[in-house]
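These notes are about the structure you will find just below.
What you are looking at is a predicted structure, and each value in this text was computed from that prediction instead of being measured. Proteins get letters first, then strands, A, B, ... in listed order; numbering begins at 1 in each.
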Amino acid sequence: MRVRFAPSPTGFLHVGGLRTALYNYLLAKQHGGAFILRIEDTDRKRFVEAAEQDILDMMAWAGLAFDEGPGKGGSYGPYRQSERTERYHEVASLLVDAGKAYIAFDDDDALDAMRERHRTTENPTPRYDHSTRLEMLNGLTLSASEVQERLDRNEPHVIRLKVDPGHTIGFTDAVRGQVVFESETIDDQVLMKSDGLPTYHLANIVDDHDMCITHVIRGEEWLPSTPKHVLLYEAMGWEVPTMAHLPLIMSPTGGKLSKRNAEKQGIPVSVSSYVEQGFEPEALVNFLALLGWNPGDEQEMFSMEELTASFSLDRVGQSGVQFDMKKLLWFNEQWVRTRADADLADQLATEASERFGCTDRDYLVRAIGLMKERMVFARDLFSAPYLFQSPDSYDEAAVAKRWKAASAEHLLRFREYLASSGDWTVEALEETLKAYVEKEEVGMGAIMFPLRMALSGTGGGPSLYALMALIGKQETLDRIDTSLTALP
RNA sequence: GCCGCGUUCGUCUAGGGGUUCAGGACGCCGCCCUUUCACGGCGGUAACACGGGUUCAAAUCCCGUACGCGGUACCA
């Protein structure tokens, strides 16, 4: 099995593209096949310089290593279409010689004029096809010598696929089953553009054939052009690879997950945005895998290895799927929790040092231990600055609601208990507090809330015993003193 | 308009003729645990688009309609 991911470097890697790459990757790994990356840079108008590097970086981030591709090599290279133009010309001439394609000289104005001529309410977008091609300037209407003269004059021209009406083109899609099209509904697709570069349709079948691709797995937006590809394979006498069209990922309001549509709802379209926001690669991969595929049982969490073992095309759905950010967030939370505290500390050390001057690695690891069940992203650690420094303000709403007349009094008295406490462990601190509650005959909340406010400046957070044990005796006493001057 | 694909809880989905007055997950709500916020546990909310067939029996098969999505470029 040989599969490929063939993105166009017209922008940063799209999250939907990543899913396509993932499904290809999983299948290749599962079958011990090859996963190929091919850059489809035949559109010079939309070419974006930094895009290829972004594609490479994002695939590496997600853990999708390819076996052949730009920078990696392989025996079927080059893997950039801009470096393979000669081969496309070769195939295009073969097709013209065989009468399967023809040369056309019509410029934009001629094309517009033709469409204008035929446009009606019933036919808003007339096609360049069997019904109109005889009105145009092409190899079918000009004599061979006229064509040659124009070519000799270097007149701009394209090469079009000659689609004859009257027959049915069908193929079996691995996701959708049998799909058929009538040939008269298909236009004479341009194969070779006047700039000398091929269109996707030509380049794609030439490369898939030359690179011995066995399974073409791509988005559903390609389904309508697949009959053209089938025609091309047949014209060349090549075998048609297995086709599989994946359901489109849609925005929560419906419609393709386009930049404008999605980002308005807080759903980034570029994979790099997910990296910037601090998503775990495993979480995005897990989420994307389940967006359009399901294992058939009730497992939700999947590592790349588990996905590789379980994935199959026949469990890929056929209908469009909506991107659900809440679920992605849930996956991220789950995956953050699977990480070792020490591992998270490695990631967060620099920021901890820069923001809080915390260079004590053991301290960082323990702080992470207190926060882990409360994080969606690793960097949520820093949403609790009191783990590293005295609060510089106190949550006003919480104070207004729960800071009572006796609060300062309790705090002051409990400070004495703490000051005389010798053993500064979680267990001992718990004992100390219980002793206070018993002696003073008050509820836990009477002291717990003021204490929490003094130490963290907030009304919620990790266990207070653990927090005091973390920050230490002196810091605990200092924070209580500070709060007593700041709070009523 | 035409062509193609699709349609089970709000979302991702299981189920593909009887065992399902439809199961799981996210979300939401409630309860329990708990000093708090979370975690966790338990429970709840909520769906077979519609209309015809076929059949003893249909969410499951067929046809139609509606709706959604994609395509309709010298873009991919």
Side-chain angles (χ1 to χ4, degrees), chain A residues 6-11 40-43 45-46 104 106-108 111 115 119-129 156-160 173 175-176 179-182 184-187 189-201 203-204 218-227 245 247-248 250 252 254-256 287 290-301 315 317-331 333 337 371-376 384 398 402 430 433 437 443-449 451-453 456 458-465:
Chain A
S8 180
T10 53
E40 308 223 324
D41 53 349
T42 55
D43 184 351
K45 293 192 203 83
R46 295 200 302 154
D106 316 281
D107 59 15
D108 287 344
L111 257 21
R115 294 196 177 106
R119 181 170 291 125
T120 59
T121 330
E122 289 73 43
N123 183 17
T125 49
R127 292 188 309 258
Y128 196 125
D129 64 5
H157 62 278
V158 300
I159 293 174
R160 286 180 180 271
D173 189 281
V175 170
R176 287 151 218 284
V179 181
V180 294
F181 294 81
E182 296 308 322
E184 50 270 20
T185 67
I186 297 164
D187 67 325
Q189 180 66 50
V190 170
L191 302 177
M192 196 58 85
K193 298 180 278 188
S194 56
D195 65 2
L197 292 176
T199 57
Y200 168 87
H201 305 92
N204 157 70
R218 73 232 296 199
E220 195 191 341
E221 71 267 31
W222 294 110
L223 197 54
S225 43
T226 304
H245 290 92
L248 257 20
M250 298 188 301
K256 219 170 167 176
F287 170 74
L290 261 2
L291 209 54
W293 169 82
N294 78 83
D297 60 25
E298 282 165 9
Q299 185 175 351
E300 297 281 339
M301 295 283 289
R315 293 206 70 90
Q318 298 163 284
S319 42
V321 291
Q322 283 185 28
F323 193 104
D324 182 0
M325 184 53 86
K326 289 242 179 76
K327 193 147 189 177
L328 207 211
L329 255 13
W330 178 80
F331 273 116
E333 183 183 317
R337 264 186 235 161
M371 278 301 285
K372 206 151 133 194
E373 302 286 279
R374 274 157 260 262
M375 306 191 301
V376 173
R402 303 188 57 191
E430 188 166 357
L433 192 125
V437 167
M444 284 276 231
I447 178 60
M448 277 295 196
F449 176 75
L451 219 211
R452 176 174 294 286
M453 189 52 69
S456 74
T458 74
S463 154
L464 278 183
Y465 312 122

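Note on A/S194: a base of the nucleic acid sits closer than 4.0 angstrom, heavy atoms only. The residue A/G445 sits apart from the nucleic acid: no heavy atom pair falls under 4.0 Å. Nucleic acid contact class of A/L464 (heavy atoms, under 4.0 Å, all strands): base. No engagement by A/L451 is indicated, since no non-hydrogen atom pair under 4.0 Å with the nucleic acid exists. Contacts of A/N204 with the nucleic acid, taken as non-hydrogen atoms under 4.0 Å apart, are absent. Counting any heavy atom pair closer than 4.0 Å across all strands shown, A/G255 reaches sugar-phosphate atoms only and no base atom. As judged by a 4.0 angstrom heavy-atom cut-off over every strand, A/M448 is placed among the base-contacting residues. As judged by a 4.0 angstrom heavy-atom cut-off over every strand, A/V321 is placed among residues touching the sugar-phosphate backbone only. Among the heavy atoms of the strands, none lies under 4.0 Å from A/T458. Residue contacts shown for A/D297 are absent, as no nucleic acid heavy atom lies under 4.0 Å away. The residue A/T10 sits apart from the nucleic acid: no heavy atom pair falls under 4.0 Å. Here A/Y200 lies in heavy-atom contact (under 4.0 Å) with a base.
A straight line from CD1 of A/I159 to P of B/rC74 spans 14 Å, rounded to a whole angstrom. Between A/R119 atom CZ and B/rG1 atom P the separation is 16 Å, expressed in whole Å. Nucleotide B/rG6 holds its C1' atom 9 Å from the CE atom of A/M250, rounded to whole Å.
Taking 4.0 angstrom as the limit, A/K372 places none of its side-chain polar atoms (N or O) nearer than this to OP1 or OP2 of B/rC39. Phosphate proximity of B/rC75 to A/K193: present, with a side-chain N or O under 4.0 Å from OP1 or OP2. Put simply, A/K326 has no side-chain N or O that comes within less than 4.0 Å of OP1 or OP2 on B/rC12. Side-chain N/O atoms of A/Q318 include one lying less than 4.0 angstrom from OP1 or OP2 on B/rG6. Residue A/T185 places none of its side-chain N or O atoms closer than 4.0 Å to OP1 or OP2 of B/rU72. Between A/R337 and B/rG40, a side-chain N or O to OP1/OP2 separation shorter than 4.0 Å is present. For B/rU36, the OP1/OP2 oxygens have no side-chain nitrogen or oxygen of A/R402 closer than 4.0 Å. Here A/N294 reaches the OP1 or OP2 of B/rA14: one of its side-chain N or O atoms lies under 4.0 Å away.
With hydrogens and angles ignored, no donor-acceptor pair under 3.5 angstrom links the side chain of A/R176 to the base of B/rC5. For B/rU72, its base never sits under 3.5 Å from the side chain of A/R127 at any donor and acceptor pair.
Classification of B/rC5 as anti follows from a glycosidic angle more than 90° from 0.
Nearest-nucleotide positions on RNA chain B place A/P124 closer to the 5' end than the other of A/P124 and A/T199.
A/E220 is listed as a side-chain neighbour of A/L248, based on a closest heavy-atom distance under 4.5 Å.
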